[in-house]
Structure formats: C-alpha cells, structure tokens
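Lettering of chains follows the sequences in order, A, B, ..., and the numbering in each one begins at 1. All heavy atoms count here, side chains included; hydrogens, waters and symmetry mates do not. Just so it is clear, the structure is predicted and the values come from calculations on it, not from any experiment.
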2 protein chains.
Amino acid sequence: MKDEIESLQKLINAFTYLPGVGRKTAERYAYSILNLSEDETNFFAESIVEAKQKIKFCSVCGNFTDNDVCEICLNRKSDIVCVVKEPKDVLAIEKAKNFNGLYHVLHGTINPMEGKGPNDIRIKELIERVRGGQIKEVIVATNPDVEGEVTASYIAQILKPLNIKVTRIAQGISMGSALQYADEVTLSKAIEDRKEM
Amino acid sequence: MKDEIESLQKLINAFTYLPGVGRKTAERYAYSILNLSEDETNFFAESIVEAKQKIKFCSVCGNFTDNDVCEICLNRKSDIVCVVKEPKDVLAIEKAKNFNGLYHVLHGTINPMEGKGPNDIRIKELIERVRGGQIKEVIVATNPDVEGEVTASYIAQILKPLNIKVTRIAQGISMGSALQYADEVTLSKAIEDRKEM
C-alpha cells in the first residue's frame with residue numbers, strides 16, 4: 001500500500017518540507033489536495049513556483065520584495081531603523097501598526113553554537129547604513145533569547161561610537177497574560193524595567 | 001506592507017486551502033517555502049499538480065489509485081471486505097498490518113443533517129460486490145460516531161438478507177490510555193463488550 005500510489009507518496013514527502021509538519025500532518029494535507037478543484041491545485045502550485053522566483057531581498061534593508069528596493073524603503077522617510085532577525089519579524093511589527101520607521105533585516109543572529117559570527121549576518125550593511133548619516137536611532141528588535149541578546153549587545157557596542165542612539169525593545173509581561181504564569185526571568189525583567197505611572 | 005509583495009500574499013492564500021491552516025500558519029509555511037531550494041519548490045509544485053492529475057478512485061473499491069484498479073484489489077485474494085468511510089482510513093488500517101483482506105470505500109457516511117442519504121455514498125456498489133458471490137464477510141469499519149454508527153446499522157440491515165457475515169470493528173478503551181480519562185460511553189461499551197480471558 002505504502003509504495004503503491006507513487007504520486008501520493010511524492011506529495012506527502014513534499015509537505016514534510018514545511019516547518020513542524022510530520023508524516024501524519026503531511027498525509028492529511030496531501031489528501032486535502034485531492035479534494036481541491038483543479039483550478040485550486042494549479043493556483044497552489046503556481047504560487048509556490050512564482051513566490052520562489054519573484055521574491056528577492058531588498059538591496060537596502062534585506063526584507064522580502066519583488067523589486068530591487070522594497071516598498072517600505074522606497075516610500076517611507078524616517079531616521080529610525082528597527083533591526084530584526086528575519087523578514088517575518090518585519091511583518092509582525094508592521095501588523096502592530098505603531099512603528100513608521102525603516103527596517104534592517106539581519107537574516108540571522110550571532111550564534112557561536114552554529115558557527116555564526118557577526119560577519120555571517122547583515123551587520124556590516126547596518127554599519128554602512130548608519131555611516132550614511134541619515135539615521136538617528138537604531139531600535140534593536142532581535143528576539144529576547146540568548147542569541148538575540150548577544151546580537152543586540154554586539155550591535156549596541158559597535159554602533160554607539162558612531163554617535164547615534166541605540167535602543168532595545170522593552171521586555172516584560174505580555175499584555176493579557178497573568179503574572180502567575182510568567183517565567184521568573186520575564187517577571188524579574190518586568191520589575192527591573194518598571195515605569196513610573 | 002500587506003499589499004506589497006503580491007506573490008507572497010498569493011502563496012499565503014494558497015496555504016489556507018489546507019485543513020486546519022489559518023492565516024498565521026499559512027504565513028509560516030509561505031516563508032519556509034522561500035527558504036527552500038529552487039529544486040525543492042519545483043518538486044513541491046509538481047507533486048501537487050501531478051497528484052491531482054494522476055490520482056483517481058479504484059473502479060472496484062473506491063480507494064485512491066493511479067491506475068484503473070488499485071494494487072490491493074489487483075493483487076489480494078480474499079473473501080473479507082472492510083468497509084471504510086474515506087480512502088485515508090484504508091491507509092490507517094494498512095499501517096496496522098493485521099488485515100489482509102479487501103476494502104470498500106464509501107466516500108462519506110449517511111448524514112441526514114447534511115442531506116446525505118444511502119444513495120449518496122457507495123453502498124449500491126457494495127451490494128453489487130456482495131451479490132457477485134465472492135465475499136463471505138463484511139467488516140464495517142466506519143468511525144464510532146453518530147453518522148458512522150447509523151451507516152453501519154444501515155449496511156448490516158441491507159447486507160444480512162444476502163446471507164453473509166456482517167461484523168463491526170470492536171470499540172473499547174484505546175491501547176495505552178488510562179481508564180480514568182476514557183469517556184463514559186467508551187467505558188460502558190468496553191464493559192459491555194468484555195471478553196473472557
């Protein structure tokens with residue numbers, strides 16, 4: 001049975017490429033494809049090929065774009081640059097809708113365990129942008145995990161001599177969550193960074 | 001930003017076709033596609049189109065196949081037929097590896113709420129197969145939910161006059177699970193259907 005329907009097995013294998021998708025979920029997805037109309041499956045297949053072919057990285061900020069320079073770099077005037085790890089972090093911040101500045105995507109974080117140093121991510125490009133003189137503040141919005149913190153410290157250390165403001169996104173209790181479920185590090189950080197009301 | 005990268009939005013929309021995949025998961029999947037190699041994305045897209053084009057239903061049992069008659073119907077000799085709701089149930093039973101008989105896929109269950117009667121699923125084809133005279137036992141392996149039970153009763157009622165054995169898969173406590181977590185219906189069914197040791 002397993003070796004029987006080759007094209008189905010091929011499709012199941014393809015779905016295991018997706019993050020967090022094991023054999024069982026891949027099977028479920030593959031079967032669902034068979035229930036789609038031919039138009040829908042063609043649209044699906046086209047979208048995959050087209051996205052891969054068209055989407056490149058913005059030559060300025062490193063975000064995804066289907067042009068040379070992304071819409072944000074092209075249309076926004078700002079002297080604040082928000083530094084993030086990945087293109088999807090840009091989308092997350094854009095969704096929050098309270099930031100109207102520019103971005104800089106690092107495409108990774110410093111991670112000695114994986115042999116990733118400062119030269120393996122887009123820090124050089126960030127320094128060049130800052131040296132260009134248009135930027136007054138760099139907000140470091142890498143994740144609050146070990147690699148993110150190390151990367152943030154490194155960036156702060158290297159940018160401060162260039163005479164600009166370097167800030168870090170605030171850490172604390174998530175909105176809507178309960179104190180009792182917060183981990184200790186987050187809780188102590190929240191107390192440490194308390195604000196006057 | 002959201003309207004910006006059209007090909008990315010298209011890909012995200014395509015992923016929401018999958019069962020249980022909302023906007024957020026679709027975004028995650030879409031981004032992961034961009035990290036695949038071009039060979040991998042082509043393989044992915046091809047698999048989708050190919051599966052849809054090649055996979056049909058077996059003219060005998062209704063299971064998926066890329067031929068006219070599926071491998072199981074073609075190669076197995078047996079006088080026992082296991083009736084299931086969907087093609088994926090065949091795969092599930094095949095994985096258990098203790099059944100060596102034939103299958104009959106109903107492609108649905110009787111569901112008056114959705115306006116689905118006995119004529120909307122492959123019961124007529126089952127009766128014809130049984131009338132063919134090669135079948136001694138029909139195991140009804142529809143799901144143990146309301147529709148599955150109704151369908152099972154209907155099949156039993158209609159097949160018994162044809163002088164064959166009609167059986168239903170056993171219900172009870174799942175292997176490896178704890179009594180205390182079993183629901184009451186399952187538990188009472190397990191006690192009712194107890195076996196002598």
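- Linking Ile, Leu, Val, Met, Phe, Trp and Tyr whenever their side-chain heavy atoms come within less than 4.5 Å puts A/Tyr154 and A/Val84 in one cluster.
- At most 12 non-hydrogen atoms from other residues, nucleotides or ligands lie less than 6.0 angstrom from CD of A/Gln134.
- Close approach to chain B, defined as a heavy atom under 4.5 Å from one of its heavy atoms, is seen in A/Glu38, A/Glu40, A/Thr41, A/Asn42, A/Phe43, A/Phe44, A/Ala45, A/Glu46, A/Ser47 of residues 38-47 of chain A, taken by number.
- Listed here is the closest heavy atom pair of B/Glu50 and A/Ser7: OE2-CB, 3.8 Å.
- Hydrophobic clustering of Ile, Leu, Val, Met, Phe, Trp and Tyr side chains at less than 4.5 Å, counting indirect connections, keeps B/Tyr29 apart from A/Tyr31.
- To the nearest 0.5 Å, the span separating NZ on A/Lys10 from NZ on B/Lys54 amounts to 6.5 Å.
- We find the CD1-CD distance between B/Ile5 and A/Glu71 to be 9.0 Å, quoted to the nearest 0.5 Å.
- Interatomic distance, B/Ser37 OG to A/Lys52 NZ, rounded to the nearest 0.5 Å: 7.0 Å.
- Contact count against chain A (heavy-atom pairs under 4.5 Å) is highest for B/Ile55 among B/Ile33, B/Ile55, B/Val49, B/Leu8.
- Distance check: A/Glu27 CD to B/Lys95 NZ gives 3.5 Å after rounding to the nearest 0.5 Å.
- The choice from A/Ile12, A/Asn13, A/Leu11 that makes the most heavy-atom pairs within less than 4.5 Å of chain B is A/Leu11.
- The hydrophobic cluster containing A/Leu91 does not contain B/Phe15, counting ILVMFWY residues as joined when their side-chain heavy atoms lie under 4.5 angstrom apart, directly or transitively.
- Using a 4.5 Å cut-off on side-chain heavy atoms (C-beta onward), B/Ile48 and A/Leu36 make no contact.
- The CG atom of A/Leu34 sits 4.5 Å away from atom CZ of B/Phe64, with the distance rounded to the nearest 0.5 Å.
- At a heavy-atom cut-off of under 4.5 Å, chain B is reached by no residue from residues 135-153 of chain A.
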